[in-house]
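FYI, side chains are in, hydrogens and waters are out, and symmetry mates aren't considered; it's all heavy atoms of this structure.
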Amino acid sequence: MVRILPQTKAAAVNPLKSSQPLGAALAFLGVDGAMPLFHGSQGCTSFALVLFVRHFKEAIPLQTTAMDEVATILGGADHLEEAILNLKARTNPTLIGICTTALVETRGEDCAGDIASIRLKRREELAGTEVVLANTPDFDGAIEEGWAKAVTAMIERITRPGEQARQSKKIVILPGWNLTVADIEHLREMVESFGLKPVILPDVSGSLDGTVPDRWVTTTYGGTSVEDIRELGTAEQCIVIGEHMRRPAELLQRLTGVPYVLFRSLTGLKDADRFVSLLSAVSGAAAPAGVRRRRAQLQDALLDGHFHFGGKKIAIAAEPDQLYQLASFFIGMGSEIAAAVTSTDMSKILEEVPAQSVQIGDLGDLEALGAGADLLVTHSHGRQAAQRLGIPLMRVGFPIFDRLGSQHKLTILYQGTRDLIFEVASIFEANRHAPTPKALDPLRKREIPDELRSSPLARH
């Protein structure tokens with residue numbers, strides 16, 4: 001059984017994790033016409049905004065209540081109300097997603113009570129805009145907890161409760177934060193190929209896919225609509241991707257009775273087969289020819305690629321669900337997990353990671369544990385460690401700011417797994433070292449025992 005090693009350092013040397021508010025804001029960005037709002041100081045929002053812009057290379061709608069010293073002491077309810085009303089007047093969003101920061105959480109503000117009071121007092125002014133609160137202190141958890149809390153808050157606030165008439169072809173998908181724009185687009189196409197209608201929450205493929213709108217839009221300009229969130233209870237089935245999305249799925253089932261099936265990962269032949277089998281069972285249709293063809297391509301890629309993976313030592317630093325996804329992929333290809341580092345110990349999935357131990361820590365821990373590995377796998381902040389160790393780096397997760405197109409990289413189902421095999425195998429090929437004569441013939445200069453020197457064989 002994997003050992004979970006706790007963090008023992010007093011400070012992060014090279015931080016691995018991104019904060020809960022950032023994860024919640026990313027989830028709110030997957031809703032059409034939304035405006036994420038950080039309840040805290042202006043610096044908290046500025047730092048998150050910089051990371052978003054560098055990663056997505058897009059204009060990101062993100063606002064702040066801009067609490068100052070006086071508000072920090074006396075309370076930020078007035079700042080919160082003013083920010084909500086200003087956003088409503090200036091941008092008229094369909095949803096304002098409030099993400100609390102460590103400043104207000106440490107002070108112990110009753111944000112839920114403040115928002116309930118604002119809704120009641122400003123009902124007419126806020127008509128047509130949902131105000132959703134996600135309690136996401138920076139000092140606890142990481143990006144995946146923030147993402148899951150925001151999705152849970154949206155379902156709890158917006159989704160119509162109670163048993164409703166089901167639409168037989170409607171499927172709700174709750175993707176994990178680590179799915180890219182390309183992953184979600186591919187997921188939708190796969191579901192639609194079975195004649196089903198997917199509703200994806202959140203859907204960053206509609207809002208962060210790099211398209212340029214024909215006019216200036218002050219909010220998000222794509223993603224899941226608020227009306228779709230309200231009618232989630234009419235779905236026949238809910239599909240959940242990632243252990244951190246179990247809680248919103250359980251809430252949806254409790255509110256509406258919609259059953260869910262959880263996939264810890266969609267990377268790899270086995271998990272992709274299970275996903276396709278579920279779609280076939282729900283739709284009553286066989287897998288389309290195109291899906292079967294992509295499966296055959298993956299089988300060929302597995303045959304071609306496993307020579308490059310066998311015996312390779314991999315060092316990974318990622319959020320828990322992404323760590324499980326990647327570690328399972330490498331183990332399935334015949335590699336060895338030399339080091340596994342993650343940001344938080346709050347996920348049960350860590351107990352299933354195929355490694356001897358998982359270190360709760362930062363990229364400094366990855367550098368210490370990953371010496372001697374053949375590949376480092378983490379986000380762009382790991383590039384200095386890779387350079388110092390002389391080990392190639394495969395960039396995954398968030399943020400990736402020194403490469404273009406990270407959001408359009410496919411990592412799931414048959415096609416995504418195939419692409420991952422090719423990407424990693426190409427990295428190994430590009431960093432292959434020619435064997436030396438000594439390595440090829442270790443016996444050439446071996447000392448011959450004295451008793452054998454006089455034998456006729458030794459002379460020849």
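Rounding to the nearest 0.5 Å places OH of Y221 at 7.0 Å from CG of L208.
For R247 and E250, the salt-bridge test fails: no basic side-chain N is under 4.0 Å from an acidic carboxylate O.
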Using atom types as modelled, flag every donor-acceptor pair under 3.5 Å from a side chain in residues 12-19 to any protein atom, sequence neighbours excluded.
residue: N14; atom: ND2; partner: H381; partner atom: O; Å: 3.3
residue: K17; atom: NZ; partner: G141; partner atom: O; Å: 3.1

For residues 49-62, which side-chain donor-acceptor pairs fall under 3.5 Å, sequence neighbours excluded?
residue: H55; atom: ND1; partner: I400; partner atom: N; Å: 2.9
residue: H55; atom: NE2; partner: Q407; partner atom: NE2; Å: 2.7
residue: K57; atom: NZ; partner: R54; partner atom: O; Å: 2.6

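Shown here is F307, whose CZ atom has no more than 12 heavy atoms of other residues, nucleotides or ligands within 6.0 Å. Other residues, nucleotides and ligands contribute more than 12 heavy atoms inside 6.0 Å of the NZ atom of K9. Other residues, nucleotides and ligands contribute more than 12 heavy atoms inside 6.0 Å of the CD atom of Q299.
Applying the salt bridge (Lys or Arg N to Asp or Glu O under 4.0 Å) test to pairs two or more places apart or on separate chains, those with a residue in residues 386-409 are E367-R388, R395-D402, K409-E423.
Geometrically, K312 engages F428 in a cation-pi contact, judged by NZ or CZ lying under 6.0 Å from the ring centre and within 45° of the ring axis.
The two atoms that bring F38 and L22 nearest to each other are CZ-N, 3.9 Å, heavy atoms only. Nearest heavy atom pair, residue L179 against residue L187, reads CD2-CD2, 4.1 Å.
Side-chain polar atoms of E319 and S343 form a donor-acceptor pair below 3.5 angstrom.
Side-chain N or O atoms of D321 include one that pairs as donor or acceptor with a backbone N or O of H244 at under 3.5 Å.
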